[in-house]
Amino acid sequence: MPIAVKKEEDAFRRSSNSLSFKKLVPKVLRSTSMKNLFKSKKPRTPIEIVAATTELLLYIDSAADDSSQKRNDKLEQLDVCIRELKSILYGIDESEPAPEACAQLAQEFFKNDTMRLLIICLPKLNFEARKDATRVVVNLQRQSGVSKSLASEYLEANLDLMDLLVTGYDDPLNALHFGGMLKECIRHQVVAGYVLKSEHMKKFFDYIQLPNFDVASDAAATFKELMTRHKSTVAKFLTENYNWFITDFNSKLLQSANYMTRRHAVKLLGDILLDRSNSGIMVRYVSSMDNMRVLMNLLRESHKTIQIDAFHVFKLFVANENKPNDIINILCANRSKLLRFFDGFNVDKEDEMFEADKAQIMKEIAELVPTTPMNCSGELFKPMIV
């Protein structure tokens with residue numbers, strides 16, 4: 001082969017290889033693995049993560065609820081952002097969260113109104129993201145110092161968010177997420193006061209009896225938190241709303257056909273009435289014959305747990321030094337049955353305080369004197385299962 005021709009072929013081959021290499025390099029550099037070889041990924045700051053989360057939530061909130069690829073990509077990015085927020089607040093593996101990073105996150109989260117967007121968009125998120133989002137909101141209500149003040153101030157200015165969280169119990173798929181957030185928000189007294197005063201309080205009597213056991217139990221836990229955490233706020237609520245609240249509590253909860261509803265309700269009733277902050281409410285409750293009738297029926301339950309909790313409320317009627325005449329007469333009319341019942345009424349484990357209370361109640365009932373002549377019409381207490 002002539003030397004000139006050979007040189008031309010070598011030059012063409014080198015040119016082709018050069019062109020192929022130039023085409024190949026951009027493709028290689030575009031791959032994620034190769035990018036990481038040339039450039040290490042710098043961790044985002046809490047401020048950057050909150051900003052990115054907020055931007056993505058705004059897109060999800062405004063975008064059509066479809067399955068477009070762009071929307072799915074945004075949801076995946078949002079999964080990552082919310083997971084990073086959770087990692088900052090809870091730490092990763094065994095590493096503790098950094099207080100400074102948590103404080104920065106809290107400040108940006110509330111300043112950007114990210115909490116509102118997260119609650120509104122929660123049903124649109126992927127399942128794992130919904131769980132992580134709930135944990136983020138829950139954690140931010142448990143922060144201390146400045147972050148706690150930020151959370152309280154934000155919620156006070158955005159109390160309408162509680163309307164979304166309470167009615168979240170109507171959504172079976174997300175009820176536990178909304179309920180988890182709500183329980184933590186109630187830690188703030190201003191929030192509890194808002195919910196207690198709202199029309200939503202009446203909805204809890206229905207939520208507690210939902211057929212979904214997990215949702216009903218969560219609603220019951222939230223209801224208990226509302227009625228026990230902030231003493232002065234609860235006492236004020238009960239004083240102003242006594243009639244409808246007690247009527248619904250007796251008829252819908254204590255007389256419910258559902259065993260768990262009755263069990264939780266009678267235990268909660270005892271907690272409320274025995275709290276010193278509610279002493280006025282307790283005297284009013286134990287002065288009603290209708291209320292005592294409900295408790296006497298609960299004493300006849302076949303379930304020992306309900307019987308014991310009902311006893312701790314019933315003893316308040318007997319111990320009341322200013323018992324109305326109708327209550328005295330009913331107790332006298334049922335004296336023999338009550339004494340026979342309490343004589344065989346025992347707890348599974350030895351309990352000196354219970355035995356002392358029972359002995360005192362039996363003594364009080366035995367010594368009662370009716371204010372009017374009694375007849376059979378005064379009997380309420382039917383044979384019981386002990």
Side-chain angles (χ1 to χ4, degrees), residues 22-93 95 97-98 101-141 151 154 158 160-161 164-165 167-168 170-182 184-185:
K22 287 179 180 179
K23 290 179 180 178
L24 179 62
V25 168
K27 290 181 180 180
V28 172
L29 289 178
R30 279 198 297 270
S31 71
T32 304
S33 58
M34 289 304 295
K35 281 181 182 178
N36 292 335
L37 290 175
F38 293 98
K39 182 181 178 182
S40 59
K41 190 174 181 180
K42 183 181 177 181
R44 294 189 291 184
T45 65
I47 295 174
E48 291 172 334
I49 299 170
V50 173
T53 303
T54 305
E55 184 180 343
L56 289 165
L57 286 169
L58 285 168
Y59 173 83
I60 296 300
D61 183 37
S62 60
D65 192 7
D66 56 28
S67 56
S68 66
Q69 186 58 46
K70 181 178 180 181
R71 182 176 180 277
N72 290 337
D73 290 344
K74 294 289 186 182
L75 282 173
E76 289 181 5
Q77 293 174 39
L78 194 51
D79 291 351
V80 174
C81 286
I82 296 174
R83 190 160 55 247
E84 287 185 44
L85 293 176
K86 185 190 72 172
S87 297
I88 291 172
L89 293 171
Y90 288 91
I92 302 174
D93 297 329
S95 63
C102 292
Q104 284 184 350
L105 191 157
Q107 185 171 4
E108 292 300 308
F109 191 84
F110 295 123
K111 185 177 76 174
N112 293 347
D113 207 14
T114 310
M115 181 168 170
R116 177 179 295 276
L117 287 168
L118 206 54
I119 291 172
I120 291 172
C121 294
L122 189 78
K124 299 180 179 180
L125 304 182
N126 295 325
F127 179 68
E128 288 300 323
R130 274 179 269 164
K131 292 198 298 185
D132 289 342
T134 302
R135 294 192 67 190
V136 167
V137 172
V138 164
N139 185 285
L140 287 171
Q141 309 314 313
Y154 174 82
N158 296 273
D160 62 298
L161 287 177
L164 298 176
L165 293 180
T167 54
D170 290 319
D171 177 2
L173 293 177
N174 298 294
L176 297 181
H177 301 305
F178 287 124
M181 294 181 188
L182 179 61
E184 295 304 318
C185 290

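Keep in mind the model is a prediction, meaning the values are calculated, not measured. The residues of the chain are indexed from 1 along the displayed sequence.
Residues passing the salt bridge (charged side-chain N to carboxylate O under 4.0 Å, His left out) test with Lys86 are Asp132, sequence neighbours excluded. Shown here are the side-chain contact (heavy atoms from CB on, under 4.5 Å) partners of Arg130, two or more places apart in sequence or in another chain: Leu122, Leu125, Phe127, Asn174, His177. With sequence neighbours excluded, no residue forms a salt bridge (charged side-chain N to carboxylate O under 4.0 Å, His left out) with Glu48. For Ser87, the side-chain contact (heavy atoms from CB on, under 4.5 Å) test picks out Ile92, with sequence neighbours left out. Applying the side-chain hydrogen bond (donor to acceptor under 3.5 Å, both in side chains) criterion to Glu128, with sequence neighbours excluded, gives Lys131. Evaluation of the salt bridge (charged side-chain N to carboxylate O under 4.0 Å, His left out) rule for Asp160 yields Arg116 as partners, not counting sequence neighbours. When the salt bridge (charged side-chain N to carboxylate O under 4.0 Å, His left out) test is applied to Arg83, no partner is found at least two apart in sequence or on another chain. Applying the side-chain contact (heavy atoms from CB on, under 4.5 Å) test to Glu55 and every residue at least two apart in sequence or in another chain returns nothing.
In this structure a side-chain-to-backbone donor-acceptor pair under 3.5 Å is present from Gln141 to Val137.
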Under 3.5 Å, sequence neighbours excluded: what are the donor-acceptor pairs made by side chains of residues 101-112?
| from | atom 1 | to | atom 2 | distance (Å) |
| --- | --- | --- | --- | --- |
| Glu108 | OE2 | Lys111 | NZ | 3.2 |

Run Asp113 and Asn158 through side chain to side chain contact (heavy atoms under 4.5 Å, CB included) and show every step you take. CA-CA 9 Å; Asp113 207 14; Asn158 296 273; 4.3 Å; yes

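How far CD of Glu84 is from CD1 of Ile49: 4.0 Å, rounded to the nearest 0.5 Å. Atom CD1 of Ile119 sits about 9.5 Å away from atom OG1 of Thr134, to the nearest 0.5 Å. Put simply, CG on Leu58 and SG on Cys121 are 8.0 Å apart, with the number rounded to the nearest 0.5 Å. Atom CG of Asp171 is separated from atom CG of Leu176 by 10.0 Å, given to the nearest 0.5 angstrom. The structure places CG of Leu85 at 4.0 Å from OG1 of Thr53, a figure rounded to the nearest 0.5 Å. Atom CG of Leu182 sits about 11.0 Å away from atom CG of Leu164, to the nearest 0.5 Å.
In plain terms, the two heavy atoms of Lys124 and Ile60 that are nearest each other are NZ-O, 3.5 Å. In terms of heavy-atom proximity, Tyr90 sits nearest to Arg135 at OH-O, 2.7 Å.
A 4.5 Å side-chain heavy-atom check between Ile120 and Leu57 finds every atom pair outside the cut-off. You'll find the side chain of Phe178 stays beyond 4.5 Å of the side chain of Thr167, heavy atoms only. Side-chain atoms of Cys81 and Arg44, non-hydrogen and from C-beta on, do get closer than 4.5 Å to each other. For the pair Leu89 and Pro97, the minimum side-chain heavy-atom distance is 4.5 Å or more.
Counted by atom type alone, Asn72 and Glu76 present zero donor-acceptor pairs between their side chains at under 3.5 Å.
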